[in-house]
Chemist: 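Structure incoming, see below.
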Amino acid sequence: MVFNWFRRQFNRSESPAPAPEPQPEQSEQPEQAEPEKTQEGVDYLAWAKAAYQNIQQQEAEKSSEVEEKVEAPEAEVPPEEPEDQEPVVEPSEPEAGVESTTAPEPESEPESEPEAEVESTAEPEPEPEPEPEPTPAPLSFLERAKAERGARLEELKEKAVETVEPEEKPRRSPAPEELDEDFLWSAEVLAKQGRRPDEVSVEEINWLQQLRQGLGKTRRGLINQLKAVVGQGPLNDRAVLEVESLLLQADVGVEATDRIIEQLQTKLREESLPPEQAIAYLKQLLRDILDYPGGKAYDTTFAPEPDVLNIWMLTGVNGVGKTTTIGKLAHLATKSDYQCLIGAADTFRAAAVEQVKVWGERTGTDVIANPGKNTDPAAVVYDAITAAQSRKVNLLLVDTAGRLQNKKNLMEELSKIRRIIDKKAPDAKVESLLVLDATLGQNGLRQAQVFAEVAQLSGVVLTKLDGTAKGGVALAVSQQLGLPIRFIGAGEGIEDLRPFSSYEFVEALISG
Ligand SMILES: Nc1nc2c(ncn2[C@@H]2O[C@H](COP(=O)(O)OP(=O)(O)OP(=O)(O)O)[C@@H](O)[C@H]2O)c(=O)[nH]1
């Protein structure tokens with residue numbers, strides 16, 4: 001059973017059951033529990049405990065798997081590969097001059113993690129593993145598992161020293177140390193969305209923590225003050241001005257700010273709401289903006305469609321995180337059991353192609369590129385589609401050039417790529433995603449307008465939400481561009497990108 005990271009559920013037709021088994025400690029409700037969202041009968045603390053236990057168990061199982069693999073004969077360890085050997089694989093129907101760079105052929109790997117090397121099997125983190133502490137008291141399940149894993153990793157690292165390249169490897173997030181406030185917050189957000197504690201993974205919990213931390217600057221700087229004002233009851237003129245300036249400072253943009261203020265004023269004039277309800281109403285307003293970009297309803301799930309070739313073109317100016325996003329998406333796709341391929345059609349810069357190839361190797365995804373200089377991006381897309389069709393690929397990620405110096409050229413290039421796609425893969429499900437750097441705030445939006453005019457955009461990937469106080473730009477994207485946000489990035493690591501959830505985003509922004 002594979003977890004589909006795009007759908008945030010397991011690949012099966014079963015609806016999630018919301019309530020965990022009731023537990024005795026009713027009194028220790030986490031502080032964040034909000035009455036207006038509380039699902040009847042859900043004890044969030046009990047839910048969090050059940051999820052925590054489940055994660056401990058998952059971790060312990062992973063550790064013992066590692067242990068078994070280590071103790072098994074060295075058959076698991078691939079023979080030494082010379083570093084300089086270019087892992088080049090031709091597409092099944094090779095096109096002249098096209099190279100396909102790959103990690104070991106994915107078809108031959110039953111598991112989603114492509115690198116069969118020892119290190120990859122152990123899924124190590126690049127960060128230093130916390131040392132197993134010499135705790136005098138009996139070690140908990142998790143601590144034991146961690147200690148064992150740490151020891152195993154050391155062993156593996158020693159053995160793997162010859163075959164490991166110094167690149168970042170897909171990192172597996174460390175298990176939460178304890179059932180702390182961070183964990184409770186993440187668990188509650190998942191519980192409120194009707195998730196089951198026995199299906200929650202450490203990656204999901206860690207992602208929510210990352211998102212919460214990432215939005216910390218926006219939240220602390222501005223949104224918290226906003227909460228204080230909105231929680232005070234009917235908005236007088238001074239309060240309105242305050243709210244307005246807070247939202248604008250968070251790069252929410254004029255249009256979305258006006259809309260929020262207008263609706264807040266109307267509501268708070270109609271009835272005097274207690275602070276929590278006023279804040280719940282504010283959250284609802286924000287979610288509405290995000291869920292109905294430009295007033296239009298979109299399917300909130302964004303996943304590759306089954307049984308058809310999905311082509312996702314990524315576009316955006318240099319430096320916004322386009323290549324990194326392609327790598328992270330390839331990682332999500334591979335983890336979710338999709339066959340993924342990357343087309344390196346940003347041929348303007350040779351370094352861009354090289355960078356994509358690095359991500360291809362990291363994620364075990366083939367990259368179709370044309371080694372020639374200044375080659376036609378549309379030709380690369382043509383070759384990538386040919387390869388995707390012959391290899392039964394579900395998801396083809398296309399990196400496109402995003403230089404803005406010449407709008408006409410950009411438009412011509414993107415239109416040409418689009419024509420090739422329509423001709424070569426008329427049945428494909430095509431998405432054109434604009435990658436936007438959140439730290440650019442409103443400036444990023446101005447760039448986005450240009451792209452929106454020339455590329456038939458269908459969604460946005462918002463990157464670098466970590467460490468910016470301009471997190472409110474997500475609302476401006478929805479309101480001003482009228483485009484749904486499909487993914488958000490909150491870190492440079494391979495795990496630091498997830499499908500966008502307005503609920504999680506607003507919770508992290510307001511109640512994190
Ligand atoms: N903090 C943070 N950094 C990110 C994120 N996404 C990407 N980056 C970093 O942003 C920098 C630029 O990312 P790239 O993926 O190279 O950007 P690009 O748009 O492909 O740029 P070109 O290759 O120049 O076209 C890199 O240092 C990335 O690690 C994110 O979500 N958070």
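The figures here come from the full heavy-atom set of this structure, side chains too, leaving out hydrogens, waters and symmetry mates.
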Chemist: Do K322 and D399 sit within salt-bridge range, that is, some charged N less than 4.0 Å from a carboxylate O?
Modeler: yes
Chemist: Distance from Y44 atom OH to K192 atom NZ, nearest 0.5 Å?
Modeler: 5.0 Å
Chemist: Check R7 against P304 and note the closest heavy-atom contact, atom names and distance.
Modeler: NH2-O, 4.2 Å
Chemist: Determine whether F487 and V435 make a side-chain contact, defined as any pair of heavy atoms from C-beta on separated by less than 4.5 Å.
Modeler: no
Chemist: Using every non-hydrogen atom in the two residues, find where A438 and K464 come nearest and quote the distance to one decimal.
Modeler: CB-O, 4.0 Å
Chemist: Can you tell me how far NZ of K283 sits from CD1 of I510, rounded to the nearest 0.5 angstrom?
Modeler: 7.5 Å
Chemist: Taking the six-membered ring for Trp and the full ring for Phe, Tyr or His, determine whether the centres of F6 and W312 are under 6.0 Å apart.
Modeler: yes
Chemist: Between the side chain of T257 and the main-chain N/O of V252, is any donor-acceptor distance below 3.5 Å?
Modeler: no
Chemist: Of the non-hydrogen atoms in R486 and F302, which two are nearest, and what is the gap between them?
Modeler: NE-CD1, 3.2 Å
Chemist: Does R212 pair with E507 as a salt bridge, N-O distance under 4.0 Å?
Modeler: no
Chemist: Are side-chain heavy atoms of T400 and S432 found at a separation under 4.5 Å?
Modeler: no
Chemist: Backbone N or O of L341 within a donor-acceptor pair of the T365 side chain at under 3.5 Å?
Modeler: no
Chemist: Could you walk me through whether F451 and T315 pass the side-chain contact (heavy atoms from CB on, under 4.5 Å) test, one step at a time?
Modeler: CA-CA 8 Å; F451 278 95; T315 188; 3.3 Å; yes
Chemist: Set out, in order, the CA-CA distance, both residues' side-chain angles and the distance that settles side-chain contact (heavy atoms from CB on, under 4.5 Å) for Y281 and L268, then state yes or no.
Modeler: CA-CA 10 Å; Y281 182 72; L268 295 179; 5.8 Å; no
Chemist: Would you say the side-chain atoms of W185 pair up with the backbone N or O of S511, donor to acceptor, closer than 3.5 Å?
Modeler: yes
Chemist: Quick check against the 3.5 Å criterion: does N310 have a side-chain atom that pairs as donor or acceptor with the backbone of V308?
Modeler: yes
Chemist: Taking atom OG1 of T325 and atom CG of D496, what is their separation to the nearest 0.5 Å?
Modeler: 11.0 Å
Chemist: Kindly say whether Q339 contributes a backbone atom to a donor-acceptor pair with the side chain of N394 at under 3.5 angstrom?
Modeler: yes
Chemist: Strictly by modelled atom types, are Q284 and R287 linked by a side-chain donor-acceptor pair under 3.5 Å?
Modeler: yes
Chemist: Using atom types as modelled and distance alone, determine if a side-chain donor or acceptor of D182 lies under 3.5 Å from a backbone N or O of Q209.
Modeler: no
Chemist: Are there more than 12 heavy atoms of other residues, nucleotides or ligands under 6.0 Å from atom OH of Y298?
Modeler: yes
Chemist: Side chains of K49 and L179, heavy atoms from C-beta outward: is any pair under 4.5 Å?
Modeler: yes
Chemist: Quick one: CD1 on I485 to CG on L433, what's the gap to the nearest 0.5 Å?
Modeler: 12.0 Å
Chemist: Regarding E504 and R498, does a basic nitrogen lie under 4.0 Å from an acidic carboxylate oxygen?
Modeler: no
Chemist: Any chance you could lay out the side-chain contact (heavy atoms from CB on, under 4.5 Å) test for L208 and E204, step after step, and finish with the verdict?
Modeler: CA-CA 6 Å; L208 284 172; E204 279 183 286; 5.7 Å; no
Chemist: About how many Å separate CD of Q456 and CG of L414, when rounded to the nearest 0.5 Å?
Modeler: 9.5 Å
Chemist: Specify the closest pair of heavy atoms between L434 and A448, including all atoms of both residues, with the distance to one decimal.
Modeler: CD2-CB, 3.5 Å
Chemist: Closer than 3.5 angstrom, by distance alone: can the side chain of Q210 be matched with the main-chain N or O of A490 as a donor-acceptor pair?
Modeler: yes
Chemist: Can a donor-acceptor pair be found between the side chains of Q480 and Q449 at a distance below 3.5 Å?
Modeler: no
Chemist: Between atom CG of L314 and atom CD1 of I326, what is the distance when rounded to the nearest 0.5 Å?
Modeler: 4.5 Å
Chemist: Pairing donors with acceptors under 3.5 angstrom, does anything connect the side chains of E431 and S458?
Modeler: yes
Chemist: Of all the heavy-atom pairs spanning Q442 and A476, show the shortest one and how long it is.
Modeler: NE2-CB, 3.6 Å
Chemist: Take atom CD in E255; do more than 12 heavy atoms of anything else shown fall under 6.0 Å from it?
Modeler: yes
Chemist: Donor-acceptor pair, distance only, cut-off 3.5 Å: does the side chain of T218 make one with the backbone of T468?
Modeler: yes
Chemist: Any side-chain heavy-atom pair from L215 and L465 closer than 4.5 angstrom?
Modeler: yes
Chemist: So E242 and R238, side-chain contact (heavy atoms from CB on, under 4.5 Å) or not? Walk me through it.
Modeler: CA-CA 6 Å; E242 236 175 288; R238 224 189 91 246; 3.5 Å; yes
Chemist: Are the side chains of Q355 and V358 in touch, meaning some heavy atoms are under 4.5 Å apart?
Modeler: no
Chemist: Is any side-chain heavy atom of V477 less than 4.5 Å from a side-chain heavy atom of L445?
Modeler: yes
Chemist: Are the side chain of T363 and the backbone of G327 linked by a donor-acceptor contact shorter than 3.5 Å?
Modeler: no
Chemist: Against S502, only a single residue in T300, D291, I289, L475 fulfils side-chain contact (heavy atoms from CB on, under 4.5 Å); can you say which?
Modeler: D291
Chemist: Are any non-hydrogen side-chain atoms of L329 and L395 less than 4.5 angstrom apart?
Modeler: no
Chemist: Do you know which two heavy atoms are closest between W5 and S201, and how far apart they sit?
Modeler: CH2-OG, 3.6 Å
